[in-house]
*Asks:* 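Following this message is one structure expressed as structure tokens.
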Number of protein chains: 2
Amino acid sequence: MTELKKEETISCNAKHTPDECNRGIMALEDTLYVIGGKWKLKIINALRTGGSSRFNQLQQTVTGISARILSKELKELELNGFVKRKVYTDTPVVVIYEITPYSDTLETLLNEMIKWGTTHKDKIRKEYKKEL
Amino acid sequence: MTELKKEETISCNAKHTPDECNRGIMALEDTLYVIGGKWKLKIINALRTGGSSRFNQLQQTVTGISARILSKELKELELNGFVKRKVYTDTPVVVIYEITPYSDTLETLLNEMIKWGTTHKDKIRKEYKKEL
DNA sequence: CTGAATCCGCAAGGATACTG
DNA sequence: CAGTATCCTTGCGGATTCAG
């Protein structure tokens, strides 16, 4: 039973000044704001690994997304410079979405998330086996 | 105006087999399922940089979260093994939340997100200045 | 085909009050 | 202090329809 004196004893620990903590939280919030949510990373990843794609094909790749949401998300991604929209005005009109070089800055992050998800799932599976 | 033949021409590109794409998407979904959402990463980050913390103090650190949500999120984080809940049954009762070693597996990911958020904000700021 | 517009249900999350 | 219970708002997102 450790002694607890006052609230002040618990705060930022040695490794981080309170300032650094706040900057970290803010930067984290920025990231989550831009690429957070249910779909954005999946769309970027789909375009990254699957190559440029048309609207309907993209909707099939990103399983479960509706046309309305996909449209909205693509707009936001375009605004933030992750995706380029190219229109070929043949008849019928063809629209191609492709990722921009700026999306490459997410490369490390994306790979890290995929790696983490993979090893996490392995861990879960092992724990599940133990229970049998 | 590039020629577009049929849908099949656009699919997984050279770098990835369709199979790899699917595995990537699934792993990504796993990750988002566990640590996605509005609060989880912020809470983990708060405990990581700020050190172990009591409930109310944690609520102050994670700006904007309500007690109800914080309670719920902590429960989920505990279930997934990211957070340990320690109860000291003095009067008044003291409850300390701390991160587990398993949270350390998120270290790289978290740092990567913070780094990305920082440089992204710099980019936005520069673009904003240009517009003036 | 590529979306935009409309309608609507559900669930996440906020505010407040209350308990041990 | 550490939550829980209740109520209520908001917005995400699905289904469908329509337009260019």
Side-chain angles (χ1 to χ4, degrees), chain A residues 1-11 29 32-43 46-47 52-79 83-98, chain B residues 1-11 29 32-43 46-47 52-79 83-98:
Chain A
M1 190 79 59
T2 3
E3 268 280 297
L4 285 172
K5 295 169 192 174
K6 286 270 188 315
E7 283 191 15
E8 303 90 54
T9 51
I10 315 162
S11 66
E29 279 175 349
L32 292 173
Y33 181 76
V34 179
I35 58 169
K38 199 173 175 181
W39 300 111
K40 295 219 168 53
L41 277 179
K42 285 199 230 174
I43 295 173
L47 287 175
S52 308
S53 174
R54 304 167 62 165
F55 188 86
N56 275 352
Q57 208 210 350
L58 197 49
Q59 190 180 357
Q60 286 175 22
T61 310
V62 183
T63 326
I65 198 169
S66 70
R68 194 175 68 90
I69 301 298
L70 179 57
S71 173
K72 196 195 65 180
E73 300 283 299
L74 282 171
K75 244 178 236 165
E76 293 174 21
L77 288 174
E78 199 188 352
L79 259 175
V83 163
K84 184 85 200 302
R85 185 173 182 270
K86 287 191 177 172
V87 184
Y88 301 91
T89 51
D90 306 320
T91 40
V93 175
V94 169
V95 182
I96 298 288
Y97 292 94
E98 54 188 39
Chain B
M1 190 78 57
T2 4
E3 269 280 299
L4 285 172
K5 296 168 189 173
K6 286 269 186 313
E7 284 191 14
E8 303 90 54
T9 50
I10 315 163
S11 67
E29 279 175 348
L32 292 174
Y33 181 76
V34 179
I35 56 169
K38 199 173 174 180
W39 299 112
K40 295 220 168 51
L41 276 179
K42 285 199 229 175
I43 295 173
L47 287 174
S52 308
S53 175
R54 304 165 63 161
F55 187 87
N56 277 350
Q57 207 210 350
L58 197 50
Q59 189 180 356
Q60 286 175 22
T61 308
V62 184
T63 326
I65 197 170
S66 68
R68 193 173 70 90
I69 300 300
L70 180 57
S71 173
K72 197 195 66 180
E73 300 283 296
L74 281 171
K75 248 176 230 164
E76 294 175 22
L77 288 175
E78 199 187 352
L79 259 175
V83 162
K84 184 84 201 302
R85 184 173 182 270
K86 287 190 177 172
V87 184
Y88 301 90
T89 51
D90 305 320
T91 39
V93 174
V94 169
V95 181
I96 299 288
Y97 292 94
E98 54 188 41

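Each chain gets a letter, A, B and so on, in the order its sequence line appears, and its residues count up from 1. These numbers come from a predicted model, not from an experiment.
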*Asks:* Expressed in angstrom and rounded to an integer, what is the separation of Ile96(A) atom CD1 from dG3(C) atom P?
*Replies:* 10 Å
*Asks:* Starting from the 5' end of DNA chain D, give me the residue, Lys72(A) or Arg85(B), whose nearest nucleotide shows up first.
*Replies:* Arg85(B)
*Asks:* Just how far, in rounded Å, is P of dT2(C) from CG of Leu70(A)?
*Replies:* 10 Å
*Asks:* Among dA2(D), dC1(C), dG13(C), which nucleotide sits nearest the side chain of Ile69(B)?
*Replies:* dG13(C)
*Asks:* Ignoring backbone atoms, establish whether Ser71(B) has a side-chain N or O less than 4.0 Å from OP1 or OP2 of dT4(D).
*Replies:* yes
*Asks:* With no hydrogens and no angle check, is any side-chain donor or acceptor of Gln59(A) less than 3.5 Å from a backbone partner on Ile65(A)?
*Replies:* yes
*Asks:* Rounded to whole Å, how long is the line connecting atom CD of Glu76(B) with atom C1' of dG3(D)?
*Replies:* 16 Å
*Asks:* Output the rounded distance in Å from CD (Gln59(B)) to P (dT16(C)).
*Replies:* 13 Å
*Asks:* Could you give the CD1-to-C1' distance, from Ile65(A) to dG13(D), as a whole number of Å?
*Replies:* 10 Å
*Asks:* Looking at dG3(D), dG13(D), dG14(C), which one has an atom nearest to any side-chain atom of Trp39(B)?
*Replies:* dG14(C)
*Asks:* With a 3.5 Å distance limit and no angle check, can you tell me whether Ser53(A) reaches the backbone of Leu58(A) through a side-chain donor-acceptor pair?
*Replies:* yes
*Asks:* Any heavy-atom pair between the side chains of Leu77(A) and Lys40(A) that's under 4.5 Å?
*Replies:* yes
*Asks:* Quick one: Leu74(A) CG to dA4(C) C1', roughly how many Å, whole number?
*Replies:* 14 Å
*Asks:* Taking all non-hydrogen atoms of both residues, which atom of Val62(B) and which atom of Trp39(B) are closest, and how far apart?
*Replies:* CG1-CE3, 3.7 Å
*Asks:* On the nucleotide dG3(C), are OP1 or OP2 found under 4.0 Å from the side-chain N or O atoms that Tyr97(A) carries?
*Replies:* yes
*Asks:* Both Val93(A) and Arg68(A) contact DNA chain D. Taking the nearest nucleotide for each, which residue is further toward the 5' end?
*Replies:* Arg68(A)
*Asks:* Side chain of Lys75(A) only, please: which of dG14(D), dG14(C), dA4(C) is the nearest?
*Replies:* dA4(C)
*Asks:* Any side-chain N or O of Arg54(A) under 4.0 Å from OP1/OP2 of dT2(C)?
*Replies:* yes
*Asks:* Would you mind reading off the distance between Lys42(A) atom NZ and dC12(D) atom P, rounded to a whole angstrom?
*Replies:* 16 Å
*Asks:* Hey, could you give me the CD1/CD1 distance between Ile35(A) and Ile43(A), rounded to the nearest 0.5 Å?
*Replies:* 12.5 Å
*Asks:* May I have the distance from Leu32(B) (atom CG) to dC12(D) (atom P), rounded to whole angstrom?
*Replies:* 17 Å
